[in-house]
Amino acid sequence: NMHLKSYGERAKQQTNPAAIQLLQTMERKKTNLCVSVDTPKSEDFLAIIDAVGPYSCLIKTHVDILEDFDYSVIERLEELSKKHDFLIFEDRKFADIGNTVTLQYAGGVHKIAKWSHITNAHPVPGPSVVQGLASVGLPLRRGLLLLAEMSTKGTLANGAYTEAAVQMARQNRDFVIGFIAQRRMDGVGAPPGVDSDDEDFLIITPGVGLEQKGDKMGQQYRTPQQVIVESGCDVIIVGRGIYGDNPKAVDLITSRAERYMKEGWSAYLDRISG
Ligand code: S5P
């Protein structure tokens, strides 16, 4: 069972360069924490990333939130990625026809494919969304996550939709490295002949918080223990649980990141020890 193996062992079995790099980073830094930084001012955005970078394997961005965006923010972000040894995940949630997502991924103001090791897409358009993104991302050694489930109350991403998302990933294993989901997906909706022990989808999981059960807009939180041990997910995504409501409180943000890193890693050690 893949979820009982170490991140380092799993890195050896992956083929996509972004998946390998992520798993190796997790093993090397001993962290499965991805910090989600959703803040409108680029100065705060970069200061938070500089503060949480040492504790993170991955930094998740929504660059379209930045009200003062210009491309120099990306250059600073790339410097921080090298300084602190983390990968970048632009949470773009592509969801259009192949031709359109190709243009959105490669170009526009943000040029996501140039700097984001990992991005994600909704499977709703069908396989063409993956084909379009792969045509841009594969030559750049990028990886894609499909949104197989969501953390929100009332999500439509469940049942047959989730199974079809996993099937879509199976058919594009060179580029699709795993899922945004709430549980392990190996073997989900698999046709006969697929050995679920051979599948090793990375599960990157939002909706993680230690203090709150949710927010006022349908978000639902679980603890690192529930996510990593009970549900077999690989990476915890934590946003407001770390940067809270004051993006300037850098010391507090740093100590929260350290706490989530410790909780996530000890949950992982519990899991792989069976
Ligand atoms: O199902 C999902 C998928 C995603 S990518 N639920 C989510 O919350 N997200 C993202 O994770 C969301 O866009 C946000 O950036 C982050 C959660 O932030 P938090 O502040 O609630 O931890």
Side-chain angles (χ1 to χ4, degrees), residues 22 32-41 44-45 48-49 51-52 55-67 69 77 86-95 110 112 116-124 129 133 143-159 161-162 165-166 169 176-185 201-224 226-228 231 233-247 249 252-253 256-257 259-261 263-264:
L22 179 61
N32 52 21
L33 173 64
C34 168
V35 181
S36 165
V37 190
D38 298 345
T39 172
K41 298 240 186 300
D44 296 337
F45 173 79
I48 292 170
I49 294 170
V52 303
Y55 311 99
S56 309
C57 58
L58 187 64
I59 294 290
K60 187 176 85 58
T61 60
H62 281 297
V63 282
D64 59 350
I65 288 178
L66 295 170
E67 59 192 25
F69 179 87
L77 174 62
F86 59 75
L87 277 73
I88 305 168
F89 165 22
E90 166 59 22
D91 181 7
R92 176 61 180 75
K93 297 188 179 71
F94 292 101
H110 298 123
I112 294 164
S116 185
H117 304 91
I118 294 170
T119 190
N120 56 357
H122 284 295
V124 68
V129 69
L133 293 168
L144 184 71
L145 300 166
L146 286 176
L147 284 114
E149 293 179 330
M150 291 195 72
S151 60
T152 36
K153 267 179 209 146
T155 174
L156 304 182
N158 50 35
Y161 181 91
T162 300
V166 182
V176 181
I177 62 175
F179 303 99
I180 297 293
Q182 297 294 315
R183 60 190 163 102
R184 276 217 90 65
M185 289 287 145
F201 294 116
L202 290 176
I203 306 298
I204 315 294
T205 304
V208 179
L210 287 161
E211 309 291 348
Q212 311 283 335
K213 289 253 178 289
D215 66 10
K216 291 180 182 144
M217 297 187 189
Q219 176 67 298
Q220 306 177 106
Y221 292 120
R222 294 185 299 156
T223 64
Q226 289 173 307
V227 167
I228 300 284
S231 304
C233 305
D234 297 312
V235 175
I236 53 171
I237 298 177
V238 186
R240 287 165 289 175
I242 287 178
Y243 65 80
D245 49 17
N246 181 6
L252 188 55
I253 292 170
R256 290 196 190 117
R259 179 176 177 211
Y260 277 96
M261 178 188 80
E263 294 268 349

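One-based numbering, in listed order, for ligands and for the atoms of each. Residues: numbered from 1 along the sequence shown.
Close approach of ligand 1 to His62 is summarised as follows: ligand atoms under 4.0 Å from at least one heavy atom of the residue are 13 (O), 15 (O). The distance from ligand 1 to the heavy atoms of Asp38 drops below 4.0 Å at these ligand atoms: 14 (C), 15 (O). Per-residue contacts place Pro206 under 4.0 angstrom from the following atoms of ligand 1 (heavy atoms of the residue considered): 1 (O), 2 (C), 3 (C), 4 (C), 6 (N), 7 (C), 8 (O), 9 (N), 11 (O). Taking a cut-off of under 4.0 Å to the non-hydrogen atoms of Tyr221, the atoms of ligand 1 that pass are 19 (P), 20 (O), 21 (O), 22 (O). The atoms of ligand 1 that sit less than 4.0 Å from any heavy atom of Arg240 are 19 (P), 20 (O), 21 (O), 22 (O).
The backbone and the side chain of Met150 each have at least one atom closer than 4.0 Å to an atom of ligand 1 (non-hydrogen atoms only).
Backbone and side-chain nitrogen or oxygen atoms of Gln182 are examined, and none is located within less than 3.5 angstrom of a nitrogen or oxygen of ligand 1. Here's the thing with Glu149: none of its N/O atoms is less than 3.5 angstrom from an N/O atom of ligand 1. Some N or O of Gln219 is nearer than 3.5 Å to an N or O of ligand 1, by distance alone.
For Glu149, the salt bridge (charged side-chain N to carboxylate O under 4.0 Å, His left out) partners at least two apart in sequence or on another chain are Arg183.
Counted by atom type alone, Arg92 and Ser116 present zero donor-acceptor pairs between their side chains at under 3.5 Å. Between the side chains of Ser151 and Gln219, at least one donor N or O lies within less than 3.5 Å of an accepting N or O.
Residue-ligand proximity: Gly241 is placed with every non-hydrogen atom at 4.0 Å or more from ligand 1. Heavy-atom distances between Thr152 and ligand 1 stay at or above 4.0 Å for every pair.
For atom 22 (O) of ligand 1, the nearest protein heavy atom (residue, atom name, distance) is Gly239 N, 3.0 Å.
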>> Show, in sequence, the C-alpha distance, side-chain angles and deciding distance for Tyr55 and Ile242, and conclude whether the side chain to side chain contact (heavy atoms under 4.5 Å, CB included) test is met.
In response: CA-CA 12 Å; Tyr55 311 99; Ile242 287 178; over 6 Å; no
> When you look at Val52 and Ile59, which way does the side chain to side chain contact (heavy atoms under 4.5 Å, CB included) test go after all the steps?
Replying inline: CA-CA 9 Å; Val52 303; Ile59 294 290; 3.8 Å; yes
> Ile177 and Leu145: side chain to side chain contact (heavy atoms under 4.5 Å, CB included), yes or no, with the steps?
Replying inline: CA-CA 6 Å; Ile177 62 175; Leu145 300 166; 3.7 Å; yes
>> Leu22 vs Phe89, test: side chain to side chain contact (heavy atoms under 4.5 Å, CB included). Steps then yes/no.
In response: CA-CA 11 Å; Leu22 179 61; Phe89 165 22; over 6 Å; no
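For the residues Gly218, Ser151, Ala157, the heavy atom positioned nearest atom 1 (O) of ligand 1 is part of Ser151.
Of the residues Leu33, Val208, Asn32, Val238, the one that meets the side chain to side chain contact (heavy atoms under 4.5 Å, CB included) test with Pro224 is Val208.
Sorted by first and then second residue, the pairs that involve residues 233-246 and meet side chain to side chain donor-acceptor pair (under 3.5 Å), not counting sequence neighbours, are Arg10-Asp234, Arg184-Asp234, Asp215-Arg240, Tyr221-Arg240, Asp234-Arg271.
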